Amino acid sequence: MAKTGSYTGAAKWLHWGMALIWIGAWIVGILATHWRDEFNAHHELTFLHKAMASTVLFLIVVRIAWRLTHPVPALPGSMSPLMKRGAFVGHVMLYAVALIGLPLSGWYWSSVADKPVMVSGLFMLPPLVDPDQSLYDLAKGIHTYTAWLCGALVGGHVLVALKHHFIDKDDVLSGMLPGRSN
Ligand code: HEM
Ligand code: HEM
């Protein structure tokens, strides 16, 4: 498939929209859990966290469909084959773990705990599995550890994007920024 110098407009909207939701959900998740008495006494942040984050389960379907049917920019020739492979593996991890695995693990946790999930606060997500309190600690552990792992993954992703722009001075970040269509 032909390569262009920039992501398509829709790919940029999906990337930045989902990045905003994802980072917002991550911060709200931390505040909800670790500053429970201060900010989450009536589970309002837990509701917000689930309402925001559950939209990722729907947006990712659109994003992957778009990704598979549209060209993406070629990586700069200055990158070694090893770096290119690293970029590919990093992106696959972001899709598989941060954008699919993590929201699925939150949905699984809420399902075993028999707690409702209101997508965008608008409609209820059906349970993924039957409630089972004996799986509560396992589900909580999976979501919590995956959330921290993904925090590191996304932090690394942002640092690499900034390195491309400010140190390597190549087109990788500008290809994802608004305003340049090719
Ligand atoms: C974008 C996807 C998501 C991200 C980035 C994310 C991130 C987080 C983080 C960082 C925490 C705090 C972990 C800790 O240190 O204890 C958390 C907690 C939590 N997450 Fe998620 N999560 C996501 C998706 C979901 C989904 C889809 C659900 C449910 C449908 C969910 C349910 C929960 C619940 C119930 C908590 C505990 C909140 C509390 O104890 O009040 N998460 N999440
Ligand atoms: C300030 C935050 C962010 C910056 C500066 C940023 C920057 C970028 C850049 C420059 C690219 C293009 C890389 C390339 O062409 O090789 C990219 C791709 C990507 N980003 Fe981000 N990103 C951010 C946040 C996020 C977040 C929060 C996620 C998901 C949790 C994410 C997931 C992805 C994925 C999956 C790709 C690969 C796109 C593809 O080729 O299909 N990004 N990002």
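Just so you know, these numbers come straight off a predicted model, no measurement behind them. Both counts, for ligands and for their atoms, begin at 1 and track the order of listing.
Using a 4.0 Å cutoff on heavy atoms, K140 does not count as a contact of ligand 1.
Those atoms of ligand 1 with a heavy atom of V117 less than 4.0 angstrom away are 30 (C). Shown in contact with W107 at under 4.0 Å from a heavy atom are these atoms of ligand 1, numbered in order with element: 29 (C), 30 (C). Proximity to L75 (heavy-atom distance under 4.0 Å) selects the following atoms of ligand 2: 16 (O). Residue S110 has at least one heavy-atom neighbour below 4.0 Å for each of these atoms of ligand 1: 29 (C), 30 (C).
Nearest protein neighbour of atom 2 (C) of ligand 2, counting heavy atoms only, is V158 CG2, 3.5 Å. Protein heavy atom nearest atom 15 (O) of ligand 2, with residue, atom name and distance: Y7 OH, 3.0 Å. In terms of protein heavy-atom proximity, atom 38 (C) of ligand 2 is closest to Y95 OH, 3.6 Å. For atom 32 (C) of ligand 2, the closest heavy atom belonging to the protein is L94 CD1, 3.7 Å. Among all protein heavy atoms, the one lying closest to atom 26 (C) of ligand 2 is A19 CB, 3.9 Å. Summary of contacts: the protein heavy atom closest to atom 34 (C) of ligand 2 is R63 NH2, 3.3 Å. Among protein heavy atoms, atom 29 (C) of ligand 2 sits closest to L99 CD2, 3.8 Å. In this structure, atom 13 (C) of ligand 1 lies nearest to the protein heavy atom T144 CG2, 3.9 Å. The nearest heavy-atom contact from the protein to atom 39 (C) of ligand 2 is R67 NE, 3.2 Å.
An N or O contact shorter than 3.5 Å is missing between W16 and ligand 2 by distance. Distances between N or O atoms of W22 and those of ligand 2 include no value under 3.5 Å.
In this view, S80 and L82, M83 satisfy the side chain to side chain contact (heavy atoms under 4.5 Å, CB included) rule, not counting sequence neighbours. With sequence neighbours left out, the side-chain hydrogen bond (donor to acceptor under 3.5 Å, both in side chains) criterion links S120 to no other residue.
Judged purely by atom type and a 3.5 angstrom limit, H49 has no side-chain atom pairing as donor or acceptor with the backbone of L45. Checking side-chain atoms of S111 against main-chain N and O of L128 turns up a donor-acceptor pair under 3.5 Å.
For I21, no heavy-atom contact with ligand 1 is shorter than 4.0 Å. In R36, the part holding a heavy atom less than 4.0 Å from any atom of ligand 1 is the side chain.
When only modelled atom types and interatomic distance are considered, N40 and T46 share a side-chain donor-acceptor pair under 3.5 Å.
Protein atoms of type N, O or S found under 2.8 Å from atom 21 (Fe) of ligand 1 total 2.
Every pair tested for salt bridge (Lys or Arg N to Asp or Glu O under 4.0 Å) that includes a residue from residues 76-92 fails, sequence neighbours excluded, so the list is empty.
Its N, O or S atom nearest to atom 21 (Fe) of ligand 2 is what matters here, and for H157 that atom is NE2.
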